[in-house]
Engineer: 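Once you've had a glance at the structure underneath, I'll fire off some questions.
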Amino acid sequence: AQSVTQPDIHITVSEGASLELRCNYSYGATPYLFWYVQSPGQGLQLLLKYFSGDTLVQGIKGFEAEFKRSQSSFNLRKPSVHWSDAAEYFCAVGAKAGTAPIFGKGTTLSVSS
Amino acid sequence: DGGITQSPKYLFRKEGQNVTLSCEQNLNHDAMYWYRQDPGQGLRLIYYSQIVNDFQKGDIAEGYSVSREKKESFPLTVTSAQKNPTAFYLCASSSGRVTEAFFGQGTRLTVV
């Protein structure tokens, strides 16, 4: 069965420090992978996506993610975190035809000054 | 602007009452989804629909019902059979092929 695991429930990073959020997936075929961000009480906003091609993908707000097939991972990174990045982050495996996207349980990011 | 509109943003209902959450999209997307979000549990799929007049149960469909009479609309009814309905509900849509899902701003339902 398809699944997405985000091993870290909560991460605290100092402002200006680098960030890496982990995501592991289980999928029977080539995965379509996404990272979303959610501010409290809001919907989810797409940060970036991977369908095929270059395994390092760039997204909005200075985020990037790297697809590693051998590790079944799609980790999200940012070189320098800003206080406004504090939010909840979700990794997702995209839907193939006839199915719905599957989400991880999320990682809450706190940014300390 | 194209997007997904969920209404209302906040909803309060008494226990035992049915309540319907609205979701409308003007993105011309074929697929629409309903997710429930509870703290620490991520997004759990309630129902999804790939085309008009067709929908499938997700992982936690018990106590919920949906309809898809129009491409633009996918309302969710939370029935009195849902044992713990207080939650944040998110509606999303996608083009129906393997693309990203776009989300509405959510409806927070509180049952007292």
Side-chain angles (χ1 to χ4, degrees), chain A residues 1-11 21 23-25 27-53 57 59-60 63 65 74 87-108, chain B residues 3-11 21 23 25 27 29-51 54-61 66 74 87-110:
Chain A
Q2 298 109 10
S3 66
V4 177
T5 301
Q6 293 180 246
D8 303 305
I9 297 173
H10 189 192
I11 285 182
L21 300 182
C23 173
N24 294 100
Y25 66 88
Y27 201 74
T30 300
Y32 302 88
L33 296 160
F34 308 92
W35 275 99
Y36 290 84
V37 62
Q38 183 185 35
S39 297
Q42 301 296 316
L44 275 67
Q45 180 185 21
L46 181 70
L47 284 175
L48 47 78
K49 59 188 177 185
Y50 171 78
F51 285 169
S52 64
V57 294
I60 62 172
F63 286 92
F74 188 57
E88 190 159 19
Y89 291 80
F90 292 94
C91 181
V93 174
K96 60 181 181 181
T99 64
I102 299 168
F103 287 81
K105 293 190 175 184
T107 297
T108 299
Chain B
I4 300 176
T5 301
Q6 291 187 240
S7 61
K9 188 168 178 63
Y10 299 96
L11 191 54
L21 283 60
C23 179
Q25 55 99 359
L27 299 168
H29 284 170
D30 291 312
M32 296 187 75
Y33 315 93
W34 274 107
Y35 291 91
R36 170 177 170 147
Q37 185 176 19
D38 297 281
Q41 299 206 41
L43 277 68
R44 294 184 290 169
L45 182 67
I46 305 173
Y47 270 97
Y48 65 102
S49 168
Q50 298 290 331
I51 57 173
D54 187 41
F55 47 83
Q56 289 76 43
K57 292 182 179 180
D59 300 319
I60 57 166
V66 293
F74 191 41
F88 190 55
Y89 291 87
L90 286 160
C91 178
S93 70
S94 70
S95 72
R97 302 184 62 186
V98 184
T99 63
E100 64 269 32
F102 293 83
F103 281 82
Q105 291 301 295
T107 293
R108 182 164 300 280
L109 172 64
T110 301

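Every chain is numbered from 1, with letters handed out A, B, ... down the list of sequences. This structure is a prediction, so every number in the text was calculated from the model and none was measured.
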Engineer: Kindly write out the residues that satisfy side chain to side chain donor-acceptor pair (under 3.5 Å) with B:Ser49, not counting sequence neighbours, or none if the list is empty.
Structural biologist: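 B:Arg68.
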Engineer: Is A:Gln6 in contact with chain B via its backbone, its side chain, both, or neither, using a 4.5 Å heavy-atom distance?
Structural biologist: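 For A:Gln6, neither part sits under 4.5 Å from chain B.
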Engineer: What distance separates A:Thr99 OG1 from B:Leu45 CG, expressed to the nearest 0.5 Å?
Structural biologist: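 If I round to the nearest 0.5 Å, the distance is 9.5 Å.
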Engineer: Locate the shortest heavy-atom distance separating B:Tyr35 from A:Pro101; write the atom from each residue and the value.
Structural biologist: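 Between these two residues, the closest heavy atoms are OH-O, 2.8 Å.
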Engineer: Is it the side chain or the backbone of B:Leu43 that comes within 4.5 Å of chain A heavy atoms, both, or neither?
Structural biologist: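 Contact with chain A involves both backbone and side-chain atoms of B:Leu43.
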Engineer: Does any backbone or side-chain atom of A:Ile9 lie under 4.5 Å from a heavy atom of chain B? Answer side chain, backbone, both or neither.
Structural biologist: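 For A:Ile9, there is no contact with chain B at all, as no heavy atom is under 4.5 Å.
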Engineer: Which atoms of A:Gln45 are under 4.5 Å from chain B, going by heavy atoms: the side chain, the backbone, both sets, or neither?
Structural biologist: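 Nothing of A:Gln45, per the 4.5 Å heavy-atom cut-off to chain B.
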Engineer: Report, one line per pair, each donor and acceptor closer than 3.5 Å where one atom sits in a side chain of residues 101-109 of chain B; sequence neighbours left out.
Structural biologist:
| unit_1 | atom_1 | unit_2 | atom_2 | d |
| --- | --- | --- | --- | --- |
| B:Thr107 | OG1 | B:Pro8 | O | 2.6 |

Engineer: State, with a plain yes or no, whether a side-chain heavy atom of A:Phe103 is found less than 4.5 Å away from one of B:Gln37.
Structural biologist: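 Not touching, per the 4.5 Å side-chain cut-off.
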Engineer: Should we say atom NZ of B:Lys9 is surrounded by more than 12 heavy atoms from elsewhere, each under 6.0 Å from it?
Structural biologist: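 Enclosed.
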Engineer: At their closest point, which heavy atom of A:Gln42 faces which heavy atom of B:Phe88, and how far apart are they?
Structural biologist: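 Taking A:Gln42 first and B:Phe88 second, the nearest heavy atoms are O-CE2, 3.5 Å.
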